[in-house]
Amino acid sequence: MPELPEVETFVRALRPAVVGRTIIAMHNTWPRHIDRPLPGELAERIAGRRIDAVNRRGKFLLFNLTPSGALVIHLRMSGHLSVVERSEPRDKHTHTVFILDNDTELRFRDTRKFGRVYLVDDPQEILYKLGPEPLSPDFTPESLAAMLADRKRAIKPFLLDQTMIAGIGNIYADEALHYAQIHPQRRTDSLTPAEIKRLHAGIQYVLDLGIKREGASISTYVKPDGEMGDMQNEVAVFRRAGQPCPRCGATIERIVVGGRSTHFCPLCQPNKKGDIPKENVSP
DNA sequence: AAGAGACCCTGGATGC
DNA sequence: TGCATCCAGGGTCTCT
C-alpha cells in the first residue's frame, strides 16, 4: 500500500516523464475515481493545461498546472501511476487516463478503486488538515513531544493520523515503533523524552530507508515501471508474525490496535514504561 | 478527545 | 473443482 516512500517513488519516476507536457484529454471509466469536480467538468477544464511540477505532500501527489490549478491524486490502497506509450494496451483496472501531447499517457490503475483524483485551484483545499512532513526540518523531537503530550491515545493510531504527521501508514508505523522499541499500545502521554527521541529517529530512519529502497512491495505495490521495490527485504516486523525478531530473536506477534493489524516484538517492545531489556538495546 | 464501527472495493485465502 | 465467505487496508463519516 502506497505510503510516503512509495508515493515519493512515484513522484520521482513521473517527474521527468510529465513535466513540461500538456494534458490534451482525460478518459475515465469509473466516475467515483473523480472526487471533484464532476468527471465531465474535469475533462473539459484540464484539457490544454501544462504540467509544470510534480510534488508530494503526505501521501498525495500534486501536479502543478499552467495557467492555473493543480491535479491532486491519492493512491489509497492499490493505486498505481505510470506513463506509457498510447499504443500500449490498457490494463482492465486502469480507470483514469490523462493523455499527454507526446503520444504518451499518464495512467491511474487502481484495482481496489479507493484512489481519488481532484482538480482544484489551490491544493490547500485538500491538504489543509495534514500534519507536518516527517522528513522536513520542522518535524523535530520537540515538536513531536508537544503533539504527544497533548493527547491520550495509543501511539499506533496516533502515527496513522494524517493530521498529526503526514505520510505514515501501517507498514512504516510498525517499523518505526520497532526501531524505537515502543509498544504500539503505549499511551502518547506516557512516552519518556528518550523514547520520543528514538521514535522521531525511527520515523525518519524507516521513511528514508523506504525511499532509498524505492518502496515496500508487500501486498500490491510495484514501482511505476512495474518492478518491485526493495524495502520489503528490510522490514523487521510488518507481516512477520511468528518469525524471529531480527534484533532479539523473540517471536513477532500480531495484534489489532485501532482496527489495524499491528506487528511488534513482545520482548524489545514491552508494554511497560522504560522496561527494555538491556541486552536488547539497539546499537 | 478518541474509540468503535460502517463504508467503499477486489483478489487472495480459507472453508465446505 | 467450485462456490461462498472472510479479510485487509486508507480515509472519511457517524455514533457514543
Side-chain angles (χ1 to χ4, degrees), chain A residues 1-10 28-36 39 56-62 72-81 90-96 108-118 120 123 125-131 133-134 146-177 184-191 203 207 210 215-222 228-229 231-232 235 237-242 253-264:
Chain A
M1 22 334 335
E3 306 180 24
L4 186 154
E6 288 76 23
V7 177
E8 183 66 27
T9 303
F10 280 112
N28 172 261
T29 55
W30 180 255
R32 297 189 66 162
H33 237 182
I34 313 294
D35 184 280
R36 69 186 76 166
R56 178 192 58 74
R57 176 80 173 92
K59 301 175 194 170
F60 290 88
L61 291 108
L62 310 174
V72 180
I73 296 181
H74 197 299
L75 302 172
R76 297 273 185 104
M77 297 298 303
S78 59
H80 181 275
L81 292 167
R90 288 181 193 163
D91 177 273
K92 69 167 175 170
H93 299 299
T94 297
H95 306 299
T96 302
F108 186 5
R109 191 180 79 213
D110 187 12
T111 310
R112 296 280 190 280
K113 298 179 174 173
F114 286 173
R116 289 295 178 268
V117 175
Y118 313 78
V120 291
E125 291 174 39
I126 316 290
L127 309 174
Y128 70 98
K129 291 181 199 160
L130 293 180
E133 279 297 315
M147 287 190 274
L148 292 167
D150 240 21
R151 40 212 99 223
K152 315 167 201 291
R153 63 194 296 200
I155 185 64
K156 169 78 186 270
F158 170 90
L159 292 176
L160 295 178
D161 186 338
Q162 302 298 299
T163 68
M164 297 290 115
I165 305 168
I168 302 174
N170 217 23
I171 298 174
Y172 294 92
D174 283 3
E175 293 301 309
L177 288 169
Q185 286 174 310
R186 285 285 301 283
R187 265 174 56 146
T188 53
D189 60 350
S190 78
L191 298 185
I203 291 167
L207 293 175
S217 293
I218 288 181
S219 52
T220 58
Y221 168 78
V222 289
M228 284 169 64
M231 184 62 187
Q232 66 281 4
V235 159
V237 289
F238 188 75
R239 293 221 187 145
R240 293 177 60 87
E253 292 181 10
R254 177 188 176 277
I255 57 175
V256 174
V257 183
R260 296 287 175 227
S261 72
T262 299
H263 314 76
F264 72 106

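Every chain is numbered from 1, with letters handed out A, B, ... down the list of sequences.
At B:dC8, none of the side-chain N or O atoms of A:Lys113 fall inside 4.0 Å of OP1 or OP2 (strictly under the cut-off). Remark: A:Ser78 is not in phosphate contact with B:dC9, judged by side-chain N or O atoms under 4.0 Å from OP1 or OP2. Between A:Arg153 and B:dG3 there is a side-chain polar atom (N or O) within less than 4.0 angstrom of OP1 or OP2. Here A:Gln162 reaches the OP1 or OP2 of C:dG11: one of its side-chain N or O atoms lies under 4.0 Å away. Proximity of A:His93 to the phosphate of B:dC9: no side-chain N or O atom is located under 4.0 Å from OP1 or OP2. Between A:Arg112 and C:dG10 there is no side-chain N or O to OP1 or OP2 distance below 4.0 Å.
Listed here is the closest heavy atom pair of A:Ala154 and A:Pro184: CB-O, 3.8 Å.
If you take CD1 on A:Ile73 and CZ on A:Phe108, they are separated by 6.0 Å, rounding to the nearest 0.5 Å. From A:Ile165, atom CD1 reaches atom CE of A:Met147 across 5.0 Å, with rounding to the nearest 0.5 Å.
Over its length, the helix from B:dA2-C:dT16 to B:dC16-C:dG2 turns its helix axis by 50°, as judged from the five terminal pairs at each end, rounded to 10°.
Residue contacts for A:Arg187: at a heavy-atom cut-off of 4.0 Å it reaches no nucleic acid atom on any strand shown. Heavy atoms of A:Tyr172 sit nowhere under 4.0 angstrom from any nucleic acid atom.
Under the side chain to side chain donor-acceptor pair (under 3.5 Å) test applied with A:Lys156, the options A:Asp161, A:Thr188, A:Thr262 reduce to a single match, A:Thr262. Of the residues A:Val7, A:Leu130, A:Leu75, the one that meets the side chain to side chain contact (heavy atoms under 4.5 Å, CB included) test with A:Phe60 is A:Leu130.
Relative to the side chain of A:Pro157, the nucleotides B:dC9, B:dT10, B:dG3 differ in distance, and B:dG3 lies closest. Among C:dG9, C:dA8, B:dA2, the nucleotide with an atom closest to any side-chain atom of A:Met77 is C:dG9.
Rounding to whole angstrom units, CE of residue A:Met164 and P of B:dG3 are separated by 12 Å. To the nearest angstrom, P of B:dT10 lies 15 Å from CZ of A:Arg109.
Contacts of A:Glu133 classified as side-chain hydrogen bond (donor to acceptor under 3.5 Å, both in side chains), with partners at least two apart in sequence or in another chain: A:Arg56, A:Arg57.
Between the side chain of A:Arg260 and the base of C:dG10, at least one donor-acceptor pair of N or O atoms lies under 3.5 Å.
Of the two residues near DNA chain B, A:Lys92 and A:Arg76, the one whose nearest nucleotide lies more 5' is A:Arg76.
Under the stacking definition used here (centres under 5.5 Å, planes under 30°), the residue A:Phe114 fails to qualify as stacked on the base of C:dG9.
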